[in-house]
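Note sheet for the following structure.
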Protein chains: 4
Amino acid sequence: MTLEELSARQRAFSDARAWGPFHTPKNLVMALSGEVGELTELFQWLTPDEATAAPDDPATRARIEDELADVLLYLVRLADVLGVDLLAAGHAKIDRNEVRFPAGVGKGALDKVERDS
Amino acid sequence: MTLEELSARQRAFSDARAWGPFHTPKNLVMALSGEVGELTELFQWLTPDEATAAPDDPATRARIEDELADVLLYLVRLADVLGVDLLAAGHAKIDRNEVRFPAGVGKGALDKVERDS
Amino acid sequence: MTLEELSARQRAFSDARAWGPFHTPKNLVMALSGEVGELTELFQWLTPDEATAAPDDPATRARIEDELADVLLYLVRLADVLGVDLLAAGHAKIDRNEVRFPAGVGKGALDKVERDS
Amino acid sequence: MTLEELSARQRAFSDARAWGPFHTPKNLVMALSGEVGELTELFQWLTPDEATAAPDDPATRARIEDELADVLLYLVRLADVLGVDLLAAGHAKIDRNEVRFPAGVGKGALDKVERDS
């Protein structure tokens, strides 16, 4: 099971339902944003410790997996519609991050991530 | 190049910089949300046609790939921290969607996605 | 009915339910983000024309007002917790925007908003 | 200085720059989402205590006020474009919340907020 297979499956799913006209880049960015919002709602009132322990509860784990899946599915669909190779883009970004954030720098580098990314 | 390799590479990258304490579920959900916000900003003022054509411009394509990569990297990192198999969750969600949205239903099913998901 | 009254009412509502410990800045930023996600879901599959006409339907208008209210309430609560005068900050930002975007510049200025803000 | 005045000022600002065609509901929802993303980035790597103390630092406070202002300005503009009275919608929502969450219920009510809202 690969990311490419997931993307192909999502495309076939959308084609079989004639959802192509709705799957414009703007609409899919919005759908992605909406799903990240739902994922956020699962964690918003938890303390840091509760959030870390959240997947230990089977029902909560199922909800988390469901929302992570929704985010992934819209991300994969958006990349497909835009003609972007998501895995290649991800690896290329880590390549660049290795230059921007030399190992061993710690929190300062995270601050830089937040400022520059 | 697989999603699992990308996840392992992200984990090693984080470990080498001792970023583990910052990569809590809540923090990573927020970081994911922030990156989706940056992706959104690339498309927000474009007409639907301009958004579809956006990847044709090399500089714009590079920015889009960069933001899609950021979203993917935080999503992969979050799933790793939560102990979730992202690909398996994605396929399981398509399985459920195939039951919820029988092929050939069209826009009504999209409305249902929005209401129920 | 003023924004200050709304903020005071929200604070009293939270105090009466002992929600203070949950209303940390991080939690409220996440809650705000989640509500914007719900607002986004109302518009994501609509064409631009459908989105413009959405408030003409009473049931849709009620949902839109409900989500806009949720966004406002968390924004007001967050500003209160952070000790920020939201209205003053808003006017100060327009003051700065009037310098950054001289009148009559058009779309180029919007591009600049997206790049710099 | 009232919210209505802020809204009128935002509308005049937009009109003077002929930004009306860009200020569609979908575009403004996306812009709102992008600004919430920027606000989120200010807090994502902070511990809860650091986030609470963030406004004590003048430079950080200025950035927080700037991002809160951006969120407010797009929210106000979106409500104006949709013909929604934001303050009235906010008060009406608190009215409904007072019924949904009787005072004194505590954390369980917050869980309910997350599930139902």
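In the text below, chain A, chain B and the rest are named by the order of the sequence lines, each starting its count at 1.
Looking at D:Leu73, the atoms closer than 4.5 Å to chain C (heavy atoms on both sides) all sit in the side chain, from C-beta outward. For D:Asn97, the parts lying under 4.5 angstrom from a heavy atom of chain C are both the backbone and the side chain. Neither the backbone nor the side chain of C:Asn27 comes within less than 4.5 Å of any heavy atom in chain D. Interface residue C:Phe43: backbone and side-chain heavy atoms are both found under 4.5 Å from chain D. Contacts of C:Thr47 with chain D are made by backbone atoms alone, with heavy-atom separations under 4.5 Å and no side-chain atom involved.
Note that CG of C:Leu86 and CG of C:Leu78 are 9.0 Å apart. Values are rounded to the nearest 0.5 Å. Here the straight-line distance linking atom CG of C:Leu32 with atom CE of C:Met30 works out to 11.5 Å at 0.5 Å rounding.
Surrounding CZ of D:Arg9 are more than 12 heavy atoms belonging to other residues, nucleotides or ligands, all under 6.0 Å away.
Put simply, of D:Lys26, D:Glu4, D:Glu65, D:Arg61, the one with the most heavy-atom pairs under 4.5 Å next to chain C is D:Lys26. The most heavy-atom pairs under 4.5 Å with chain C, out of D:Val84, D:Val36, D:Ile94, come from D:Ile94. Among D:Arg96, D:Glu98, D:Met1, D:His91, the residue with the largest count of heavy-atom pairs under 4.5 Å with chain C is D:His91. Note on D:Val71, D:Val81, D:Leu82: by heavy-atom pairs under 4.5 Å with chain C, the leading option is D:Leu82. Considering only heavy-atom pairs separated by less than 4.5 Å from chain D, the leading option among C:Thr40, C:Leu68, C:Asp56 is C:Leu68. With chain C as partner, the option from D:Leu39, D:Thr2, D:Thr24 having the largest number of non-hydrogen pairs under 4.5 angstrom is D:Thr2. Interface remark: of the candidates D:Val29, D:Leu87, D:Leu3, D:Leu87 forms the most heavy-atom pairs closer than 4.5 Å to chain C.
Cation-pi geometry between C:Arg17 and C:Phe13 is satisfied (NZ or CZ under 6.0 Å from the ring centre, within 45° of the ring normal).
When all heavy atoms of C:Ala16 and D:Ala103 are compared, the closest pair comes out as O-CB, 3.8 Å. Contact record, D:Ile64 with D:Ala54: CD1-CB, 3.9 Å, taken as the closest heavy-atom pair.
One finds no salt bridge joining C:Lys93 and D:Glu67 here, because no Lys/Arg side-chain nitrogen approaches an Asp/Glu carboxylate oxygen to under 4.0 Å.
Inter-residue side-chain proximity for C:Pro25 and D:Thr52 is flagged as met; some heavy-atom pair is nearer than 4.5 Å.
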